Amino acid sequence: MSTTRTTAATAPELAYEWLKNTIITLPRDEEMFLTEAQVAEASGISRTPVREALLRLQAEGFIRRVPRKGAFIPALSDSDVEAVMQARRVVEEWSVNEVAPRPGAVPDKLYRILQDQGQDADPVDFIAHDLEFHTTIMRAAGNPLMNDFYGSLRERQMRMGVRIVMADQARKKQVLIEHRAIADALAAGDAESAVRAVRDHLRTTLHSMTQPAR
């Protein structure tokens with residue numbers, strides 16, 4: 001495959017990834033306005049793929065396009081956070097209840113993710129492993145529609161979660177404890193304990209997300 005073809009094919013995707021990373025690392029209670037020219041200069045990508053990426057992000061609900069001006073990245077309100085967490089509770093409690101009777105290799109995968117997550121100093125990497133942990137359970141539950149729905153929440157969860165671990169190092173340690181409780185319950189094949197561990201984890205996560213920034 002030629003370099004020219006690869007570059008031409010991936011420029012919109014590179015612009016999309018650059019913008020998405022900018023969005024998810026923006027504290028969720030802050031807003032931002034970006035012009036196509038600003039994004040092109042900062043990312044080193046020409047304006048046409050930047051424009052395509054902005055249109056894609058608008059369709060996914062991450063930005064609001066302002067005609068002839070650029071893109072507005074809105075803050076996420078407490079009600080936005082609560083809506084995401086309500087959705088997570090439904091699908092995650094369902095998923096551990098499905099996986100617990102026959103966990104197979106899932107607990108071992110979760111313990112490996114926990115080990116990597118415990119070594120993450122970077123908040124974005126920590127939250128990426130957090131999402132990998134929960135997505136591993138979701139995939140094992142075997143419902144592709146549920147999995148797709150959960151995936152659609154990923155970027156919002158990244159943006160919501162990064163703020164917490166940047167502001168509260170103690171929360172990082174608590175997340176690891178709560179994740180281990182979920183993994184242990186699945187390893188024991190205890191669906192009731194797994195559901196309870198998920199519920200407790202999501203409740204404390206919501207509490208952390210809706211506290212005033214320190």
Side-chain angles (χ1 to χ4, degrees), residues 16-32 56-64 73-96 99 106 109-110 113-114 116-118 120-141 143-183 194-195 197-211 213:
Y16 173 81
E17 291 297 331
W18 188 93
L19 277 161
K20 186 171 68 173
N21 189 64
T22 298
I23 292 170
I24 64 177
T25 55
L26 178 69
R28 66 101 173 165
D29 53 354
E30 295 182 14
E31 58 187 36
M32 178 184 289
R56 180 176 170 186
L57 288 163
Q58 180 185 32
E60 294 174 352
F62 294 110
I63 64 170
R64 299 172 188 164
I73 304 169
L76 294 175
S77 67
D78 283 353
S79 61
D80 294 327
V81 172
E82 290 169 0
V84 170
M85 298 306 293
Q86 286 170 357
R88 283 190 61 183
R89 176 173 174 176
V90 171
V91 296
E92 291 190 36
E93 288 188 11
W94 170 85
S95 68
V96 294
V99 172
V106 172
K109 293 178 182 177
L110 297 179
I113 294 168
L114 272 173
D116 291 338
Q117 188 179 24
D120 285 330
D122 181 79
V124 175
D125 291 340
F126 185 89
I127 297 302
H129 274 116
D130 188 287
L131 293 174
E132 183 185 4
F133 180 93
H134 293 286
T135 301
T136 296
I137 303 171
M138 184 63 56
R139 288 175 178 164
N143 186 317
L145 293 179
M146 285 283 203
N147 193 49
D148 287 347
F149 171 72
Y150 193 78
S152 73
L153 303 175
R154 180 180 177 86
E155 278 68 43
R156 292 174 179 83
Q157 292 188 63
M158 286 288 289
R159 188 175 174 197
M160 289 156 48
V162 166
R163 171 182 178 267
I164 300 175
V165 297
M166 287 179 67
D168 187 356
Q169 289 297 310
R171 179 58 192 158
K172 291 177 68 174
K173 296 179 181 179
Q174 187 60 33
V175 166
L176 295 173
I177 292 171
E178 293 168 5
H179 277 185
R180 181 164 292 278
I182 296 170
V195 169
V198 165
R199 189 174 299 152
D200 290 344
H201 173 53
L202 296 183
R203 184 178 63 250
T204 58
T205 299
L206 176 60
H207 178 75
S208 297
M209 287 179 174
T210 53
Q211 293 304 296

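Keep in mind that this is a model prediction, so the values were computed, not measured. Throughout, numbering of the chain's residues begins at 1 and tracks the sequence.
Of all heavy-atom pairs spanning Val81 and Thr210, the tightest one is CG1-CG2, 4.4 Å. Considering every non-hydrogen atom in both Asp120 and Lys172, the closest pair reads O-NZ, 3.1 Å. Closest approach of Ala140 to Val106, counting heavy atoms only: CB-CG2, 3.5 Å. Nearest heavy atom pair, residue Val165 against residue Pro123, reads CG2-CB, 3.4 Å. The nearest pair of heavy atoms linking Val91 to Tyr150 is CG2-CD1, 3.6 Å. The two residues Leu153 and Ala87 have their closest heavy-atom pair at CD1-CB, 4.2 Å.
Here the CZ-OG distance, from Arg88 to Ser95, works out to 10.0 Å after rounding to the nearest 0.5 Å. Interatomic distance, CD1 of Ile113 versus OG1 of Thr135, reported as 8.5 Å (0.5 Å rounding). Rounding to the nearest 0.5 angstrom, the gap separating the CG atom in Leu131 from the CZ atom in Phe126 is 11.0 Å. For the atom pair Phe133 CZ and His179 NE2, the distance stands at 5.0 Å (nearest 0.5 Å). Taking CE of Met138 as the reference point, atom CG of Asp148 lies at 11.0 Å (rounded to 0.5 Å). Leu76 CG to Glu30 CD: the interatomic distance, rounded to the nearest 0.5 Å, is 11.5 Å.
A salt bridge does not link Glu82 with Arg89: none of the charged nitrogens is closer than 4.0 Å to a carboxylate oxygen.
Contact check for Val84 versus Met209: no side-chain heavy atoms found under the 4.5 Å cut-off. At least one side-chain heavy atom of Ile182 sits less than 4.5 Å from a side-chain heavy atom of Ile137. Between Glu132 and Thr136 there is a side-chain heavy-atom pair separated by less than 4.5 Å. Residues Ile23 and Met158 form no side-chain contact, since every pair of their non-hydrogen atoms from C-beta on lies 4.5 Å or further apart. In this structure, the side chains of Leu26 and Arg159 come closer than 4.5 Å at one or more pairs of heavy atoms.
Remark: of the listed residues Gln117, Arg180, His129, Gln117 is the sole one forming a side-chain contact (heavy atoms from CB on, under 4.5 Å) with Val175.
No donor-acceptor contact under 3.5 angstrom links the side chains of Thr204 and Gln174, judged on distance only.
Asn143 places a side-chain N or O within 3.5 Å of a backbone atom of Leu145 that can act as its donor or acceptor partner. Of the possible donor and acceptor atoms, none in the side chain of Asp130 sits under 3.5 Å from a partner among the backbone N and O of Ile127.
Checked against the 6.0 Å centroid criterion, the rings of His201 and His134 qualify as a close aromatic pair.
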